[in-house]
Amino acid sequence: MFPRASGRTRRARPVCTILKRNARSAIPTVHNCPTPLVRGAKHDRHVEAVASSTVTWHWTRLRRHRRRLLGGNSLHAGKTSGRVPRPVALVLATLFAALALLGVGSSVASASTDPSEEPSGPVLSIGGILRDGDDPVEGVEITVEGGGFEQTAISDENGRWSVEVPEEGDYTVTLDPDTLPDGLDLRDPERTTANVSADEWQTNSISRLFPLGEDTRQTSGFADLFLQRLVSGLNFGLLVALAAIGITLIFGTTGLNNFAHGEMVTFGGILSWVFAVLLGLNIFIAIPIVVILGAAFGYLQDTVLWRPLRRKGVKLVQAMIVSIGLAIFLRYFYLFMVGGDTKTMNVGLSDAIVIGPVRITTGSLLSMGLSVVVLVAVGLFLTRTRTGKATRAVSDNPSLAAASGIDVDRIIRTVWIIAGGLAGLAGVMLALYRQVSWDMGQQVLLLMFAAVTLGGLGSAYGALVGSIVVGLFVELSTLFIPADLKYAAALIVLIVVLLVRPQGILGRRERIG
């Protein structure tokens, strides 16, 4: 077959031709197996002919195979036979089906609407509430007239009255004193009418009030207001401290600034409303359930999200971005589940207790007492228990703690459980203090971070001190500035304190560089 090789090789060995297919280009390649060199030009031409014919045969089969797959006559990517690939066809079919459904829905909606009915404009109304102190006044006639329009309304059992007017304009509202109950008069007998001008129609409804009975409002001096705000600030500061300690424990053990901590507070507030209001459980039974579920929520977050990220070596900046994304997801998930309106916590803790010039509700007293007990328990846990001491060791130096035999992952998991339980309890207290909404935790998130930074990052006691300072300043600032600016004032105090003491109130000086 092949010419004999000269020299010691008495018989020529055949050349092994291996065809391998490249996975990306599907082009066969030729690789020659290592064999002893065979001399002779005739033998070389024979090997080239065999390799060339074999490659040509496989190339022809490949072209036919690709032509069948593409349904065209060319292997070039830019030249096809006009057939649409199946995935693209499915996407287009789905889009056309969706458009068809939208078209059918709009046609049905248009068909169900009576074409003879023209869309009406916004409903304009003038109304109000009549009260004698806290009691509604029923059966009083109020007349609205102006521009040739006149209509009379009668207050209902809740003291509400309302009159729909045809257009924006000037109107006169008149209360008939003869329809008032016996023994009840207008606070100002000469003020039986009120005017509405055309310039006031910035909204669709305008209110007019007619004060009735004696004025029972009491004017308080600066000292009385100061004491009232002092108690409110202390209550709010203890509430913020419950959540802020969870933030500082997480930061101390992991270095993570968890921006989703506000949504953990919202989680507790919504659950308290579900158990105490919707399901009708006693609030003292609902609170332990919410704390347990909040702790389980913290454990779930660490197990599903944060522990895998730590094991993959994700940096703190990336983890912080993840926490921001988680916060946004949870916030709008709550909005989807419970709606955007504010939920009232009617659990029988709204009775007022008057102690001198201070007026406080039973719910606020419960919040303050429970907060103090829990904060003392957390302090004893960190200083007296073995796990608490290990937590402080991990917070001081995680590497040294791990070298000392401390299971750092177990400590971090415990911290997440404690932080979740404290956030759930803070949500219950915030619900009693300010009702329930889908973004209630996000509203106080910056105050929590301000308290942690003010007290000293990583210090649980510093978070407590910083929270009380922030709470007191938020409430006391309303004596001098509008209430809408009280949160901004707390952040300004944070900036001023950090300019004087950058490490915070109870923070430690650390060498940089």
Side-chain angles (χ1 to χ4, degrees), residues 242-276 278-279 281 285-316 318-338 374 377-378 381 387-388 390-391 394-395 398 407-431 436-442 444-445 448-449 452 460:
L242 284 176
I245 287 180
I247 289 181
T248 195
L249 288 177
I250 293 174
F251 176 82
T253 54
T254 65
L256 171 66
N257 286 314
N258 183 23
F259 280 85
H261 202 81
E263 277 54 53
M264 297 174 71
V265 174
T266 307
F267 180 77
I270 292 176
L271 285 183
S272 66
W273 174 74
V274 170
F275 286 115
L278 292 186
L279 300 181
L281 293 179
I285 299 176
I287 288 176
I289 297 176
V290 172
V291 172
I292 293 173
L293 292 178
F297 187 40
Y299 172 81
L300 182 65
Q301 280 195 44
D302 181 63
T303 303
V304 175
L305 182 60
W306 303 115
R307 186 180 180 186
L309 291 179
R310 289 196 305 270
R311 290 188 171 182
K312 292 181 179 296
V314 175
K315 303 298 182 182
L316 291 177
Q318 289 89 331
M320 184 181 65
I321 300 300
V322 171
S323 72
I324 294 174
L326 178 62
I328 295 174
F329 167 76
L330 290 176
R331 193 178 310 150
Y332 288 98
F333 176 75
Y334 297 151
L335 175 62
F336 175 77
M337 295 301 295
V338 302
V374 172
V378 171
F381 166 78
T387 304
T391 302
V394 173
S395 178
D407 189 349
V408 177
D409 280 341
R410 185 180 65 85
I411 294 299
I412 293 176
R413 190 182 307 115
T414 302
V415 165
W416 273 100
I417 293 173
I418 295 174
L422 291 176
L425 181 59
V428 179
M429 300 299 102
L430 187 61
V436 178
S437 62
W438 62 280
D439 60 343
M440 56 188 293
Q442 188 262 341
V444 296
L445 179 64
M448 290 186 241
F449 278 112
V452 171

Using the rule side-chain contact (heavy atoms from CB on, under 4.5 Å), only one of L300, I411, N258 pairs with W416; which is it?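 Looking at L300, I411, N258, the match for W416 under the side-chain contact (heavy atoms from CB on, under 4.5 Å) is N258.
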Of the options I270, V428, V290, I285, which is the one that meets F275 in a side-chain contact (heavy atoms from CB on, under 4.5 Å)?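 Exactly one candidate clears the test, V290.
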Walk me through it: do Q318 and V314 pass the test side chain to side chain contact (heavy atoms under 4.5 Å, CB included)? CA-CA 7 Å; Q318 289 89 331; V314 175; 3.6 Å; yes
Atom pair [atom1] ([X]) and [atom2] ([Y]), whose distance is rounded to the nearest 0.5 Å:
{"X": "R331", "Y": "T266", "atom1": "CZ", "atom2": "OG1", "value": "8.0 Å"}
{"X": "I247", "Y": "L422", "atom1": "CD1", "atom2": "CG", "value": "11.0 Å"}
{"X": "I292", "Y": "L271", "atom1": "CD1", "atom2": "CG", "value": "12.0 Å"}
{"X": "I412", "Y": "I250", "atom1": "CD1", "atom2": "CD1", "value": "10.5 Å"}
{"X": "F381", "Y": "I418", "atom1": "CZ", "atom2": "CD1", "value": "3.5 Å"}
{"X": "K315", "Y": "L309", "atom1": "NZ", "atom2": "CG", "value": "13.0 Å"}

Exercise: identify the closest heavy-atom pair between [X] and [Y]:
{"X": "A260", "Y": "A327", "result": "CA-CB, 3.7 Å"}
{"X": "L242", "Y": "A426", "result": "CB-CB, 3.9 Å"}
{"X": "A431", "Y": "S272", "result": "CB-OG, 3.8 Å"}
{"X": "A423", "Y": "H261", "result": "CB-NE2, 3.9 Å"}
{"X": "Y334", "Y": "E263", "result": "OH-O, 3.1 Å"}
{"X": "A460", "Y": "I245", "result": "O-CG1, 4.0 Å"}

Please check if the distance between the ring centroids of W438 and F336 is under 6.0 Å.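 No - the distance between ring centres of W438 and F336 does not fall below the 6.0 Å cut-off.
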For side chain to side chain contact (heavy atoms under 4.5 Å, CB included), just list the numbers for R310 and D302, CA-CA rounded to whole Å, side-chain angles, deciding distance to a tenth of an Å, and then say yes or no. CA-CA 10 Å; R310 289 196 305 270; D302 181 63; 2.9 Å; yes
Between D407 and R413, is there a salt bridge with N-O shorter than 4.0 Å?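 Looking at R413 and D407, the cut-off is not met.
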Report yes if the side chains of [X] and [Y] come closer than 4.5 Å at any heavy-atom pair, otherwise no.
{"X": "F259", "Y": "V322", "answer": "no"}
{"X": "Q442", "Y": "L330", "answer": "no"}
{"X": "L256", "Y": "F251", "answer": "no"}

Whether the side chain of T253 engages the backbone of L249 through a donor-acceptor N/O pair (distance < 3.5 Å, no angle test) should be reported.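 Flag set: sc T253 to bb L249 pair under 3.5 Å.
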Verify, without hydrogens or angle tests, whether T248 (side chain) and A244 (backbone) share a donor-acceptor contact under 3.5 angstrom.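 Between the backbone of A244 and the side chain of T248 there is no qualifying donor-acceptor contact (under 3.5 Å).
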Side chain to side chain contact (heavy atoms under 4.5 Å, CB included) between M440 and V444: does it pass, once the steps are laid out? CA-CA 7 Å; M440 56 188 293; V444 296; over 6 Å; no
Taking everything shown except Y299 itself, do over 12 heavy atoms lie less than 6.0 Å from its OH?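 No, not enclosed.
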